[in-house]
Asks: 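Pasting a structure below so you can have a look.
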Amino acid sequence: MPKYQKPKGTRDLDENTTFKFEVIRSLFLAISRFLGYSHVEIPIFEKTNLFERSTGESSEIVTKQMYKFQDKKNREFALRPEGTPGLIRAAIENNWLNSHNGDKFSYFGPFFRYERPQKGRYRQFFQLGAESIGSNNVESDAESIYLLSFLLKELEIKHVIKLNSLGEQEERLRYIESLQQWLTNNKTKIAKEDCINIEKNPLRILDSKKPATVKGIKEAPKIHEFWTKETSDRFKKLTNLLEAANVNYQVDEFLVRGLDYYTSTVFEASGHDGAQDAYGGGGRYNNLISELGGKNIPAIGFACGVDRIASALKIDQIKPFCIFIPLGEKCREKAFGIISKMWSNSVSVKPYWNESNLGKALKRANSIGSKYVIVFGEKEMQNNTLLIKNMKNGDQKEIPINMSSIMSALGLDE
RNA sequence: GCGGGUGUAGCUCAGGGGGAGAGCGAAGGGUUGUGGUCCCUUAGGUCGCGGGUUCAAAUCCCGUCACUCGCCCCA
């Protein structure tokens, strides 16, 4: 039992995982910039009330899951449990929405929620997200969904986009009323754990995973029955756009999202990896900006769980290209000069500064899968040569110490 | 916040009241400057922690902590 252990729900990421994170981050930045998003970074903690006002006073994220603390002047802060509120705050505060910085933003970073950890769910987790602010046209919905799907597609992660619309406020309120009534009259058809939500948050019951509810809720009224013609047309248009763009989507009448600020379009990218099968999700939030003190500007966005994508990513283990083995003290000093020359010529090489037993060094190099090994011992020093060995087939040759010979022996001379 | 499973060597795990085990890995040797295969040898453990039952506990009981899977919630 180690003396110190990491806090519950946090992770120590090894080289392979950080490499996956890096691949995801750089691809996301490239794609989102390609689509006209500006990348921003904002604080990891904010005033607590920012999240209370936006994420929702009734949501479990705010009521139970925030890491809250006071600073030395007793101001109330919280580690950010999600990205959208901080981003909107920053956009309003910095007048980003009026400048030429663009009105679409992407972000990537750590978030914090106090929850019981399980597969794909951590207390410190990473999300990437994109917010498209300023347009209520359905094309911007399609663009946001396209970005999420495009990213996953480029990472070769199988997924389907679940799609629904919560409609405008009046439609939603009428639907909730009708749903509540149906639930009250049909309590026996849903799991009793879900019944407590009838008053509090009936929409949540729609995406319950309790078998009884999944079965019973199918008979409940559907939200599309309450859509106005405008909403229906808009949704139809959205599906047409997605089809034209080859997005693999699926209408899901039971998709609702957990955050209070969503309106109209909601979507989610799901895979099939256990309980936490959603890679990412988002939706439109046309009222949030004005609620946070900005103008009445519509917006849509999504967030995506980086830990979850990373665990679905198939990438080969990273192997060093070349190991350099100086044999003994005398050779090390000269070796450093050669190695630094290789580095400055963009040749990846990992020196073993602490291994002068050739057999052991080769064994180590072999076990981590190095493609080449360069040996520099007293023999080589006398001859003014390097011994380059191909670890795949065992071929080795002695070459003079100059960059062109090294490059060609390592197969880099094209 | 609720429920299930698991904690024994660096790793994966077997054992289930009386000797602390295997495989892999590590270290050394066969091969003093040549890895992968093979052979030999060695090291490494308060059996998560605390308490209880017992002549005797890794083993049974209680508690606790950690990990893990699920519910809730959500990315």
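Below, chain A is the first sequence line, B the second, and so on; all start at residue 1.
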Asks: Which letter, B, S or -, goes with each nucleotide of nucleotides 30-38 of chain B from 5' to 3', with contact meaning a protein heavy atom under 4.0 Å?
Replies: ---BBBB--
Asks: Give the nucleotide from the list B/A75, B/G1, B/C73 with an atom nearest to the side chain of A/Arg116.
Replies: B/G1
Asks: Quickly work out the A/Glu115 CD to B/A75 C1' distance and round it to whole Å.
Replies: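 From A/Glu115 CD to B/A75 C1': 10 Å.
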Asks: How many Å lie between OH on A/Tyr122 and C1' on B/U68, as a whole number?
Replies: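 It is 11 Å, rounded to the nearest whole Å.
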Asks: Rounded to whole Å, please give me the gap between CZ in A/Arg123 and C1' in B/A75.
Replies: 17 Å
Asks: Counting only heavy atoms not in A/Glu154, do more than 12 fall under 6.0 Å of its CD?
Replies: yes
Asks: Return the pairing partner of B/G21 with a 3.5 Å limit on both distances, Watson-Crick or G-U wobble; otherwise return none.
Replies: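 Partner of B/G21: B/C13.
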Asks: With C1' as the reference atom in both, quote the distance from B/G70 to B/U8 in angstrom, rounded to an integer.
Replies: 27 Å
Asks: Give me the distance, rounded to whole Å, that separates B/C67 from B/G33 when you measure between the P atoms they each carry.
Replies: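 Per the computed distance, 47 Å lies between those P atoms.
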Asks: Using the C1' atom in both, what is the distance from B/C40 to B/C49, to the nearest Å?
Replies: 40 Å
Asks: Given that A/Glu268 and A/Gly9 both sit by RNA chain B, which one's nearest nucleotide is further toward the 5' end?
Replies: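 The residue mapped nearer the 5' terminus is A/Gly9.
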Asks: How would you label the contact of A/Ala365 with the nucleic acid (heavy atoms, under 4.0 Å): base, sugar-phosphate, or nothing?
Replies: nothing
Asks: With heavy atoms under 4.0 Å as the rule, sort A/Tyr114 into base, sugar-phosphate or nothing.
Replies: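 Since no nucleic acid heavy atom lies under 4.0 Å of A/Tyr114, the category is nothing.
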Asks: Short of 4.0 Å, heavy atom to strand atom, which residues of residues 147-157 of chain A count as contacting RNA chain B?
Replies: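 The stretch gives none, as no residue of it lies under 4.0 Å from the strand.
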Asks: Given the P atoms of B/U59 and B/G3, what is the spacing between them in whole Å?
Replies: 25 Å
Asks: Within this structure, what is the CZ-to-P distance between A/Arg80 and B/A75, rounded to whole angstrom?
Replies: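 Spelled out: CZ on A/Arg80 to P on B/A75 is 15 Å.
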Asks: Before accepting this row, confirm whether a basic side-chain N of the pair A/Asp194/A/Lys210 lies closer than 4.0 Å to the acidic partner's carboxylate O.
Replies: no
Asks: CZ of A/Arg53: more than 12 outside heavy atoms within 6.0 angstrom?
Replies: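 Open: at most 12 neighbouring heavy atoms sit under 6.0 Å from CZ of A/Arg53.
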Asks: In whole Å, what separates the C1' atom of B/U12 from that of B/U68?
Replies: 16 Å
Asks: Would you measure the distance from the C1' atom in B/A20 across to the matching atom in B/A14 and give it in whole Å?
Replies: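 That atom pair is separated by 12 Å.
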Asks: By a 5.5 angstrom centroid cut-off and a 30 degree plane limit, is there stacking between A/Phe125 and B/A75?
Replies: yes
Asks: Got more than 12 heavy atoms from elsewhere within 6.0 Å of NZ, A/Lys47?
Replies: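 Counting other residues, nucleotides and ligands, NZ of A/Lys47 stays at 12 neighbours or fewer.
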Asks: Heavy atoms only, 4.0 Å cut-off, all strands: where does A/Arg113 land among base, sugar-phosphate and nothing?
Replies: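 Base contact - A/Arg113 has a heavy atom under 4.0 Å of at least one base atom.
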Asks: My understanding is that a pair needs two contacts under 3.5 Å, Watson-Crick or G-U wobble. By that rule, which nucleotide pairs with B/U6?
Replies: B/A66
Asks: Need the pair for B/G35. Rule: Watson-Crick or G-U wobble, both distances under 3.5 Å, any strand; none if unpaired.
Replies: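 Matched B/G35 with nothing under the 3.5 Å cut-off.
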Asks: Looking only at atom P, what distance separates B/U31 and B/G36, rounded to whole Å?
Replies: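 Their P atoms lie roughly 15 Å apart.
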Asks: Paired with B/A57: which nucleotide, if any, by Watson-Crick or G-U wobble criteria at under 3.5 Å for both distances?
Replies: none
Asks: Within a reach of under 6.0 Å around CD of A/Gln70, are more than 12 heavy atoms found that belong to other residues, nucleotides or ligands?
Replies: yes
Asks: Searching all strands shown, indicate the nucleotide that pairs with B/A27 (Watson-Crick or G-U wobble; both distances under 3.5 Å).
Replies: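 The base-pairing partner of B/A27, which may sit in any strand shown, is B/U41.
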Asks: Do A/Asn137 and A/Ser140 get their side chains close enough for a donor-acceptor pair, meaning under 3.5 Å?
Replies: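 Result is no, nothing qualifies.
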Asks: Taking everything shown except A/Gln169 itself, do over 12 heavy atoms lie less than 6.0 Å from its CD?
Replies: no
Asks: Counting only heavy atoms from other residues, nucleotides and ligands, does the tally under 6.0 Å from CD of A/Glu177 exceed 12?
Replies: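 No, CD of A/Glu177 has 12 or fewer neighbouring heavy atoms, counting only those of other groups under 6.0 Å.
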Asks: Quick check: on RNA chain B, is the nucleotide nearest A/Arg257 upstream (toward 5') of the one nearest A/Pro7, or the reverse? Name the residue that is more 5'.
Replies: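 Nearest-nucleotide comparison on RNA chain B picks A/Pro7.
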Asks: Between atom CG of A/Leu255 and atom CD of A/Glu268, what is the distance when rounded to the nearest 0.5 Å?
Replies: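 If I round to the nearest 0.5 Å, the distance is 5.5 Å.
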Asks: In whole Å, I'd like the distance from the CD atom of A/Glu60 to the P atom of B/C71.
Replies: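 To the nearest whole Å, that distance equals 14 Å.
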Asks: Assess the side chains of A/Glu131 and A/Thr84: does a donor N or O sit below 3.5 Å from an acceptor N or O?
Replies: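 Result is yes, a qualifying pair exists.
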Asks: Can you check the A/Gln5 CD to B/G7 C1' distance for me, whole Å?
Replies: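 About 12 Å, once rounded to whole Å.
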Asks: For B/G1, what is the paired nucleotide under Watson-Crick or G-U wobble rules, both distances under 3.5 Å?
Replies: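 WC or wobble partner is B/C71.
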Asks: Starting from C1' on B/C74, measure out to CD on A/Gln124 and report it in whole angstrom.
Replies: 17 Å
Asks: Is it the case that over 12 heavy atoms from other parts of the model lie below 6.0 angstrom from the OH atom of A/Tyr352?
Replies: yes
Asks: Check the phosphate of B/C74 against A/Gln65, side-chain N and O only, distance under 4.0 Å to OP1 or OP2. Yes or no?
Replies: no
Asks: Could you tell me how far apart A/Lys8 (NZ) and B/C69 (C1') are, to the nearest whole angstrom?
Replies: 13 Å
Asks: Count the heavy atoms belonging to other residues, nucleotides or ligands that lie under 6.0 Å from NZ of A/Lys222, then report whether that count exceeds 12.
Replies: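 For A/Lys222, atom NZ is crowded (more than 12 foreign heavy atoms under 6.0 Å).
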Asks: Using a heavy-atom cut-off of under 4.0 Å over every strand shown, decide if A/Asp207 touches base, sugar-phosphate, or nothing.
Replies: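 Answer is nothing: A/Asp207 stays at 4.0 Å or more from every strand.
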Asks: Could you work out the separation of B/C74 and B/G52 based on their P atoms and round it to a whole Å?
Replies: 46 Å
